[in-house]
Amino acid sequence: MFSPPSRKSARKNVGIQRDYDVSTPLAENRRPPLALDSPAVPNRPATGTPAPWSSRLSVLARIPPVKRSDRGDEVDAVQPVYVGEFPQVVRDAQIMSSQNHAPADSSLSGGMDKETSLAWIICGNRLFVWNYLSPAASRKCIILDLPSTTSESGDKGRSALHNNNWLVCVVNWDTSKRTGSQGVQKSNSAGIVMCNKKTSSLFFWTDIYDANRISPLTCVAFSGSEATYLNQNGKAISSKQRPSDKLGNSFAKSHSINSLIASAIPSATNSCIALACTSDGMLWRFICSPSGIQCNQIEHGMSNIFSQGSDNSPLVASKGYPRSLIWHSFSQSSFNLTRQFFLLTNHQIQCFAVKLSSAFDVSKLWSHEIIGTDGDLGIQKDLAGQKRIWPLDLDVDSDGKVITILIAIFCMDRVASSSYTEYSLLTMQYKSGVDIAKPIGEKILEKKAPIQVIIPKARVEDEEVLFSMRLKVGGKPAGSAIILSGDGTATVSHYWRNSTKLYQFDLPYDAGKVLDASVFPSSEDSEDGAWVVLTEKAGVWAIPERAVLIGGVEPPERSLSRKGSSHDGSLQEERRNFSVAGNIAPRRASSEAWDSGNRPRTGLSGVARRSPQDEESEALLTQLFHDFLLSGQVDGVLDKLKNSRAFEREGEINVFTRTSKSIVDTLAKHWTTTRGPEIALSVVSTQLAEKQQKHQKFLQFLALSKCHEELCSQQRQSLQIIMEHGEKLAGMIQLRELQNTISHASATGRGSYSSSDARTSGALWDLIQLVGERARRNTVLLMDRDNAEVFYSKVSDLEEVFHCLERQLEYVISGEMPILVQFQRASELSNACVTLFRAAMQYRSAHHMWYPPPEGLTPCYSKLTVWSGLWSVASFMVQLLNETSCLDDSARFNFYSNLETLSEVLLESYSNAIAAKVDRKEEHKSLLEEYWKRRDALLDSLYQQVKVFAQAKLQDSTEEDEEQNKDVLMKLSSRLLFIAKRHESYQTMWSICCDLNDSELLRSLMHESMGPKGGFSCFVFKQLHESKQFSKLMRLGEEFQEELAMFLKQHPDLLWLHEVFLHQFSSASETLHALSLSKDDRSISDIEEIESSGSRILTLKNRKHFLNLAKISAMAGNVSSYNVFEFAPYQFTSSFCGIDVSFSNICLNRFGQISCCVISKNLSVAWRQKGRTDGYELKVKRIEADLNILQLQEEILRHIPDNEEKQSIEQKLLPPIDLIEWCLKIQTRELSLRAFDLFSWTSASFLRNNTSLLEECWRNAANQDDWETLHQMSITEGWSDERTFDILKETVLFQASIKCYGHEAENFEVRFDEVLPLRQESSSLKETSSSVENVLMQHKDFPDAGKLMITAIMLGSVWDGGLTSISDGPSPME
């Protein structure tokens, strides 16, 4: 394709030396193929691909002898890999065409479609279409006959002579399956639109898979005289009404079609819209449907398609434009009926939108000038040496964010007076913030990276050669592009480590040209696969990623100013560069490389992971194992392997692990795809048995050589993987037997739903095909192998079964299938999963002595991929069971049994994974929550089905017997109950026990399922509490005392009852005391008072009752020794919390109603009290104080008038400070005194922290009496001491002094005089401390009646209640 510049005199030499050059000669300079009997083909490149039709039995024949390996994924993939042969009918057509002496200038036309994986070739007058990913044995070729057409010169039937003039588009009708699984899906319905570039004939096949397909619809030589035009107003006008364009172009003249694209119309069946651009600057639209083809020319926005640039510069080529049409590939909703497409003109990229419904309008969205005066927007023109610029082709990445344009620039070297062509790639991307679906603004694109020059100085080619070049992006390595030339070469360009690398796919002359290239549909949704090319004679070949990275070379740099630069010396130097390309040290892709869109670059897997030391160790191990197989001797094996450092690596790269993998993954040398799947599968069991026998020998070799002990102690993970290879091998053998069983049952009609093709049909067979195809696409060296062969050979990748179940289940079981078929296929998949899991468990059980300690190791069947696939199948089966009722009871029960077993396997997988994470001390909360959620969903659905089955059996029974009903339900749910108990599905266990009404079973399960947080017992308690079955809850406390006590810590309203039963009276007293003072009503059980309207509020009366119970409990707990302390059983009736509890002399008859009586029938208590324990008096005193506070609150409420404020506080527990404020607010003598009681009943901290409030109480107390009047009376009447005492005794100050400072003043931790003394002189800090005297001195009457006030508080502090005479003490007025 890319040819270096050379002098005219040297052109013939270049033709001779072409195979040693990166460039490609012109077609007329090619030498004809040499005779087949020639011993060697001169000038054939060393990397030439062998002819595919040569005799070979397997892929080994196509791998150099030094590279051969029976491990297909480890072959040194630096050469192109053969993927598949042409179908035989294509070979026959080629032979027939050559025998008919086709003209020398005729060549095949072919192509590849990425979405459908279809390849096509036109040979003669027929179009051959086949799926190039299908194995050769099952590859079917569709043959379409091309109608005879009339060329523009009037000749008929010339299509066979100009096969390379065809443009073909494959339209996939399976639009519903494009997302999520397009990497594996094979199209079952597709149409083809093809157009002849020269004759402008267009053909449309509605469905190429239809066996009864009719002849194609034809639009022959559509021209300006026959077309309908769409102007900018969207109105259609005929060609006669349309004026001639300004350039005088007419389609009747000789113009070719440059590009053709097509897309399915979602709202119509087998209908599509096709768009074509012609070399005269026109854009055409075709509506293709089974009823016909409608042709329109689009004028909207096309006026400047073929202009010469913004400044009419001659540097921008204009002839033959626009060049390319491509669809925009950004992700969008399947319901979006608008698609965007790009159009490449001589200096712009233009973006259009076409509606796929109604009028199919085409509108222009934006345009971007890529060739102009601003180099930041694209390529800058008018530079020195530039003569002409050609945009040749463009393509867009899979994300739709990066657009790549192939550019050719004709330049003149003024020093050497010679011309050359520079080829480069221009990458553009959407600007940040631009909505791709609805781009708005003038500047939409920006440069993603500097221009990537591919060939700095190449030979000057004709414009026809330039326009034959095509560009495709994608493939591996990520960010690479492939350029196809009309002369049949394909070159991969890859930017790596700040330089461009080129890899040329070069075929020998006798293999023909490269017709087209595509990308393997990757098994992952996020990336593409390897490059794949379609050749003219050699079939389909793949280009491995490693071949591009290692075999790529830098473009040749040739300066025309250097004399003789194109002589043989330069050519020899380039040949040396090519010859050493394969020896370049592999390098891992770095962050310096460009990426494709926003997708991160992936490193070259497997290149830098293994060192030469690893390879030597593995070779030594292989040789030692081979010697052991021959002799049975293991002398010195351990020392030799230690000296080779074979025990240094861990995991997958360990040499023992790799050797084990090579044993189980060995490819069959005698398995050929041409013999058909039936014959190939007949030897599967034998091969798997041989692998198992050899792997067992390998384990014996490890044991006898003491390598097993070394691995068990040093490389546990490696040994685990080796043993898992045995598990997978055992699972594969069992899976093969299952497939045989299904095939025979279907073939003989004994299956549930027999199929027409027994051996190669069914869900399991489709799953095998999916897994095998995924492995083939991930390893291009296996592309010529059969899917089933790859599946049964790649034993170590058995987890891929579950990956495909997760990602591709809708392909195996389609919603369009009959419901009975869906049931059958789901059962097959379930049986397959269970078979694999059970085989692994049986192998592990039989070889448990071989396994390393399991701590921290995750089994292969407990990984994310496995349980995700299992859940995908299980959830689908649950959905089928819940939504379908057309199955008979027997088939439905069998389906249920399969689901039940699968659920057990799934839960075991989760359980092992969680245990491994716990051992490794990794975060496992999210996994645990997912496990719980899926466990409950599965088992709940299963139990619902059990009840349905039980109900159906009971309906068939003529007699209704409760015991029989229980027996039926117990029998059906026994297995489910076992699973639920194993995985702690308490809800399912509870439901079964409730429906069986079996208290013995419930108690048994509670004993068996004990956990760190109460286990099943705690769950049962919670269920009883939520359902208000308090009687049953408390009865269980007799048997589960500690468990119930732990549960009731969150429910103190019931906890005290259980503590009483346990004789924990002190604890019960504390619980009741805390409950009575609770401010959070949510701590009270959700119970409804029988007499009331269902209020849940804890009233003051209820609180007093709880305090009384707390006091009695404290008294009972104070017994230091006792002779008899017997409790009768709880008496449960519908009363307090649904319970009548007889305790001591307390009987709770109703919620909150207490009767103090002795009930000898229910409780007999006899004790002998010998003293009181420490703290008892304080505890009782506290309880009594709280009782007094509650009584005071009730008294305060009686003084408050009935209003909203009273209603808001009458059921609340007011804090002491609020009660004091209410006492001060009400302003009564009685409540003024009760305020001081509140200070007496509270703690010392409350007293110290509220001194100011205490002072306010003293002021309020002084205000309750008229001291001025008392003072005047004392003077007028001349009061004696006795009279003065009698009068002051009635004052509030006197009564308050008695409460706070009297002989019987109540206090807890601190006295009043320590906080607020009576007299100022009694304070230790007179200047700062306050006193009652200081407070009274602020009273308005104190100047006159101060002595009376002080006398009142002093007399109150010393009065003993009348035991001593006032005359015995000091004078009141002293």
Side-chain angles (χ1 to χ4, degrees), residues 52 83-94 96-97 106-134 136 138-147 149 159-174 185-197 201-210 213 215-218 257 259-264 270 272 274 276 288 470 472 484 486 488 490 512-521 531-542:
V83 174
E85 178 65 281
F86 289 140
Q88 188 59 41
V89 291
V90 178
R91 282 285 175 218
D92 296 340
Q94 289 178 331
M96 185 66 66
S97 178
S106 66
S107 60
L108 292 177
S109 178
M112 311 176 79
D113 181 71
K114 176 182 176 181
E115 181 180 354
T116 59
S117 301
L118 293 179
W120 55 270
I121 278 184
I122 299 176
C123 187
N125 60 349
R126 290 189 295 178
L127 172 65
F128 301 88
V129 184
W130 73 97
N131 190 304
Y132 62 87
L133 292 181
S134 299
S138 59
R139 186 174 297 150
K140 298 178 181 179
C141 184
I142 300 171
I143 305 175
L144 305 175
D145 294 324
L146 303 181
T149 61
S159 62
L161 303 181
H162 298 280
N163 292 332
N164 56 350
N165 290 331
W166 290 99
L167 298 173
V168 177
C169 288
V170 179
V171 185
N172 184 14
W173 303 132
D174 297 332
Q185 292 288 352
K186 297 183 178 64
S187 176
N188 295 320
S189 179
I192 284 185
V193 179
M194 63 182 301
C195 182
N196 192 287
K197 293 188 287 186
S201 300
L202 187 137
F203 303 135
F204 173 56
W205 281 270
T206 57
D207 191 354
I208 61 175
Y209 291 97
D210 187 1
R213 58 180 176 270
S215 299
L217 301 173
T218 306
I257 297 177
S259 184
L260 175 70
I261 58 175
S263 176
N270 292 356
C272 68
C288 305
R470 290 171 291 160
K472 294 179 181 293
L484 305 171
K513 303 178 181 180
V514 173
L515 301 180
D516 199 4
S518 184
V519 176
F520 273 131
W531 286 109
V532 58
V533 295
L534 175 67
T535 64
E536 186 179 21
K537 298 179 181 179
V540 180
W541 293 75

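Count residues from 1 along the sequence.
Side-chain atoms of Q94 and R91 form a donor-acceptor pair, as typed in the model, at a separation below 3.5 Å.
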Q.
One pair to check against side-chain contact (heavy atoms from CB on, under 4.5 Å): L127 and W166. What are the steps and the verdict?
A. CA-CA 11 Å; L127 172 65; W166 290 99; over 6 Å; no
task: With side-chain contact (heavy atoms from CB on, under 4.5 Å) as the test, would you mind laying out the steps for F86 and D92 before giving the verdict?
output: CA-CA 10 Å; F86 289 140; D92 296 340; over 6 Å; no
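We find the CD1-CG distance between I257 and N196 to be 8.0 Å, quoted to the nearest 0.5 Å. Separating the CG atom in L534 from the NZ atom in K513 is a distance of 13.5 Å, to the nearest 0.5 Å. We find the SG-CD1 distance between C141 and I121 to be 9.0 Å, quoted to the nearest 0.5 Å. Note that OG of S189 and CG of D207 are 4.0 Å apart. Values are rounded to the nearest 0.5 Å. To the nearest 0.5 Å, atom CH2 of residue W120 and atom SG of residue C169 are 9.0 Å apart.
The two residues F128 and A93 come nearest to each other via the heavy atoms CZ-CB, 3.5 Å. For T535 against L515, the heavy-atom pair with the smallest separation is O-CD1, 3.7 Å. The two residues W173 and G191 have their closest heavy-atom pair at NE1-N, 3.2 Å. Minimum interatomic distance between S518 and W531 (heavy atoms only, all atoms of both residues): O-CE3, 3.2 Å. Residues Y132 and V519 come closest through the heavy atom pair OH-O, 4.1 Å. In terms of heavy-atom proximity, A262 sits nearest to V193 at CB-CG2, 4.4 Å.
Without hydrogens or angle criteria, N172 side chain to T116 main chain gives no donor-acceptor distance under 3.5 Å. Under a 3.5 Å cut-off, the side chain of W205 and the backbone N or O of M194 do not form any donor-acceptor pair.
Screening L118, I142, V89, V90 for a side chain to side chain contact (heavy atoms under 4.5 Å, CB included) with W130, the sole residue that qualifies is V90. Between I208 and the options V170, V171, I192, a side chain to side chain contact (heavy atoms under 4.5 Å, CB included) holds for only I192.
No side-chain heavy atom of S215 sits less than 4.5 Å from a side-chain heavy atom of P147. Two residues are said to be in side-chain contact when any heavy atoms from C-beta on lie closer than 4.5 Å; L133 and F520 meet this criterion. Under the 4.5 Å side-chain criterion, counting only non-hydrogen atoms from C-beta, F204 is in contact with C272.
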